[in-house]
Amino acid sequence: MDLLHSRSHFGFIGLGLIGGSVARCIRRELPDARISAYNYYETKKHPRLEKALADGVLTDITTDISRVSDWDVILSLIHISEPTRHAQI
């Protein structure tokens, strides 16, 4: 079994064009994988994440950054121009 298939929980910090494409590929190749995303908005839903959840790409969304410790693979795909928003990570 290769490294990718030995991992079952993938997490995304930044699910934009690239992150969304990677998440869809993971879902296609590993349909039983758990795919999570971090939403930095603690008090409101993020439309892009909610759409990915509704489409079945994501398994869940979290606003608790400490939950990333549960992820087997962490993909951080944030905008370089926004480092301060994610600095607490």
Side-chain angles (χ1 to χ4, degrees):
M1 181 177 286
D2 64 36
L3 182 62
L4 179 64
H5 289 84
S6 69
R7 307 296 184 208
S8 62
H9 193 176
F10 298 84
F12 285 82
I13 301 172
L15 195 75
L17 182 61
I18 294 171
S21 297
V22 171
R24 286 184 181 278
C25 287
I26 292 170
R27 176 60 66 218
R28 185 183 66 236
E29 294 299 318
L30 303 169
D32 297 329
R34 184 170 176 196
I35 303 175
S36 302
Y38 170 67
N39 179 6
Y40 53 84
Y41 296 119
E42 293 183 5
T43 58
K44 67 179 182 177
K45 294 181 177 186
H46 192 293
R48 187 176 303 126
L49 299 180
E50 295 298 323
K51 172 111 173 70
L53 184 64
D55 289 348
V57 175
L58 293 179
T59 308
D60 60 272
I61 301 167
T62 184
T63 58
D64 181 2
I65 194 65
S66 69
R67 298 278 309 274
V68 302
S69 64
D70 298 334
W71 300 349
D72 294 321
V73 178
I74 300 170
L75 297 112
S76 179
L77 301 161
I78 59 173
H79 293 268
I80 299 300
S81 63
E82 301 180 37
T84 56
R85 183 183 305 169
H86 304 283
Q88 71 219 22
I89 301 170

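For clarity, every value in this text was computed on a predicted model and none was experimentally measured. Along the sequence shown, residues are numbered consecutively beginning with 1.
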If the test is side chain to side chain donor-acceptor pair (under 3.5 Å), which one of T59, D60, D70 qualifies with R34?
D60
Joint hydrophobic cluster, F12 plus V57, side-chain heavy atoms closer than 4.5 Å
no
Under a 4.5 Å side-chain heavy-atom rule over Ile, Leu, Val, Met, Phe, Trp and Tyr, are Y38 and Y41 clustered together?
yes
Answer yes or no: is there a side-chain heavy-atom contact under 4.5 Å between [X] and [Y]?
X: Y40; Y: T63; result: no
X: S36; Y: L58; result: no
X: I13; Y: I74; result: yes
X: V22; Y: I26; result: yes

Separation between CD1 (I18) and CD1 (I78), nearest 0.5 Å, reads 12.5 Å
Write down the atom of L15, the atom of A52, and the distance for their closest heavy-atom approach.
CD2-CB, 3.8 Å
Please report the closest heavy-atom contact between A37 and L49, naming both atoms and the distance.
CB-CD2, 3.7 Å
Measure from the side-chain N and O atoms of [X] to the backbone N and O of [Y], and report whether any donor-acceptor pair falls under 3.5 Å.
X: R27; Y: A33; value: yes
X: D64; Y: S66; value: yes
X: N39; Y: T62; value: no

side-chain contact (heavy atoms from CB on, under 4.5 Å) evaluation trace for K45 with I61:
CA-CA 9 Å; K45 294 181 177 186; I61 301 167; over 6 Å; no
